[in-house]
Amino acid sequence: MSKDSIIDLKDARFRWPGRASFALSVPEFLVEKGQSVLLLGESGSGKSTLLSMICGTILADSGSVSVNGTDLKTLSGWSRDRFRAEQIGVIFQQFNLLPFGSVTDNILLPLKFAPSRRKRCHNPSRQAAELCQALGLPEGIASSKAANLSVGQQQRVAVARALIGAPPILIADEPTSSLDELAQSNFLDLMFHQVAAQETTLIMVSHDPRLADRFDRTVHMNDIATIQRQAS
Ligand SMILES: Nc1ncnc2c1ncn2[C@@H]1O[C@H](COP(=O)(O)OP(=O)(O)OP(=O)(O)O)[C@@H](O)[C@H]1O
Ligand SMILES: [Mg+2]
């Protein structure tokens with residue numbers, strides 16, 4: 001584990017199973033605590049696969065992936081889920097909301113498994129409502145089922161769920177893809193405010209290189225990873 005790196009990948013490899021397999025290999029990728037990183041790369045270059053390895057939703061086949069000093073392969077599936085809930089606010093590319101849960105249920109969900117995040121929220125329900133308001137979700141939406149929201153509204157709920165309780169790390173996979181320009185800029189302001197106030201480490205994927213100015217560092221997939229595609 002390199003000094004001060006909160007995210008530390010060494011010789012990490014992952015191959016998706018299946019007939020048309022895709023393999024990602026990351027010789028070294030280090031992110032310092034408190035750093036904000038914009039991750040760029042063409043579609044299919046393995047950005048979401050890399051983020052899934054960092055979140056521990058998939059486990060590297062070889063090499064090491066350490067997050068805040070813990071090598072993810074040393075954790076069982078259950079403890080990896082809890083570790084993720086505590087350490088990482090994740091905005092998945094497909095949002096992954098509970099469709100039958102309300103907006104509030106979805107936003108508060110990670111706190112159930114993350115006592116430290118919960119402790120940072122003095123009043124979780126009020127905090128959820130404040131995040132909704134800051135993200136421009138209409139008032140009165142709190143009890144609506146996630147499945148009944150527009151795609152842009154669902155994305156904002158996913159954003160609120162990632163930010164609540166200020167986890168030390170934020171992983172955001174194209175978090176503004178369904179937002180209009182104003183909502184996008186509101187979200188980025190809110191996120192960077194939290195990142196600065198809490199010394200949050202941020203990795204965000206986007207297809208918009210114009211955002212680079214807002215980040216400490218821009219990384220291109222070509223610079224940190226090699227990929228192999230095999231059609232069979
Ligand atoms: N769940 C999966 N099962 C099998 N193969 C997958 C799966 N997810 C991704 N892949 C493979 O990994 C490759 C890289 O996908 P990935 O989603 O990591 O790319 P990406 O850079 O995030 O692309 P995009 O910009 O379109 O989101 C895909 O081309 C696909 O072959
Ligand atoms: Mg992706």
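When a ligand or atom number is given, it counts from 1 through the structure's own listing order.
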(request) Taking only heavy atoms of Glu42 into account, list the atoms of ligand 1 that are under 4.0 Å away from them. (result) 21 (O)
(message) Hydrophobic clustering (ILVMFWY, side-chain heavy atoms < 4.5 Å, transitive) - are Leu179 and Val205 grouped together?
(response) no
(message) At a threshold of 2.8 Å, where the distance has to be below it, does the Mg ion (ligand 2) have an N, O or S atom of Ser48 nearby?
(response) yes
(message) Has Ser102 got a side-chain atom pairing as donor or acceptor with Lys145's backbone, closer than 3.5 angstrom?
(response) no
(request) Verify the distance test for Gln93 against the Mg ion (ligand 2): any N/O/S atom under 2.8 Å, yes or no. (result) yes
(message) For atom 3 (N) of ligand 1, what's the nearest protein heavy-atom neighbour? Residue, atom name and distance, please.
(response) Trp16 CE3, 3.5 Å
(request) Determine, using heavy atoms of Met221 and all atoms of ligand 1, whether some pair is separated by less than 4.0 Å. (result) no
(request) With the side chain counted from C-beta on, respond yes when Lys33 and Asp4 share a heavy-atom pair under 4.5 Å apart, and no when they do not. (result) no
(message) Between Asp173 and Ser48, does the side-chain hydrogen bond (donor to acceptor under 3.5 Å, both in side chains) criterion hold? Intermediate values first, please.
(response) CA-CA 7 Å; Asp173 200 348; Ser48 297; 2.5 Å; yes
(request) Return a yes/no value for Arg229: is any of its N or O atoms, backbone included, closer than 3.5 angstrom to an N or O of ligand 1? (result) no
(request) Among all protein heavy atoms, pick out the one at the shortest distance from atom 31 (O) of ligand 1; state its residue, atom name and that distance to 0.1 Å. (result) Phe22 CB, 3.7 Å
(request) Determine, using heavy atoms of Ser45 and all atoms of ligand 1, whether some pair is separated by less than 4.0 Å. (result) yes
(message) Does ligand 1 come near enough to Gly44 that some N or O of the ligand is less than 3.5 Å from an N or O of the residue?
(response) yes
(message) Which residue and atom name correspond to the protein heavy atom nearest atom 25 (O) of ligand 1, and how close is it?
(response) Lys47 NZ, 2.7 Å
(request) Could you tell me whether Gly46 and ligand 1 have an N or O pair separated by under 3.5 Å? (result) yes
(message) Within ligand 1, which atoms have a heavy atom of Glu174 less than 4.0 Å away?
(response) 25 (O), 27 (O)
(request) For atom 27 (O) of ligand 1, grab the closest protein heavy atom and report residue, atom and distance to one decimal in Å. (result) Gln93 NE2, 2.9 Å
(message) Which residue in the set Thr201, Ile203, Ile54, Val90 passes side chain to side chain contact (heavy atoms under 4.5 Å, CB included) when paired with Ile169?
(response) Thr201
(message) Among all protein heavy atoms in this structure, tell me which lies nearest to atom 26 (O) of ligand 1, with the distance rounded to 0.1 Å.
(response) Ser43 OG, 2.6 Å
(request) Name the closest protein heavy atom to atom 17 (O) of ligand 1, giving the residue it belongs to and the distance to 0.1 Å. (result) Ser48 CB, 3.6 Å
(request) Can you sort out which atoms of ligand 1 are near His207, meaning under 4.0 Å from one of its heavy atoms? (result) 25 (O)
(request) Please tell me if the side chains of Val26 and Val65 come closer than 4.5 Å, counting only heavy atoms from C-beta onward. (result) no
(request) Considering heavy atoms of the protein only, find what lies nearest to atom 15 (O) of ligand 1 and give residue, atom and distance to 0.1 Å. (result) Thr49 OG1, 3.9 Å
(message) Looking at Gln228, I want to see if its CD is surrounded by more than 12 non-hydrogen atoms of other residues, nucleotides or ligands under 6.0 Å.
(response) no
(request) Please check if the distance between the ring centroids of Phe215 and Phe192 is under 6.0 Å. (result) yes
(request) Using a strict 4.0 Å threshold on nitrogen-to-oxygen distance, state whether Lys112 and Asp105 make a salt bridge. (result) no
(message) Test of understanding: clusters of I, L, V, M, F, W, Y form through side-chain heavy atoms closer than 4.5 Å, transitively. Do Leu30 and Met204 belong to the same one?
(response) no
(request) Report, as yes or no, whether the 6.0 Å neighbourhood of atom CZ on Arg118 holds more than 12 heavy atoms from other residues, nucleotides or ligands. (result) no
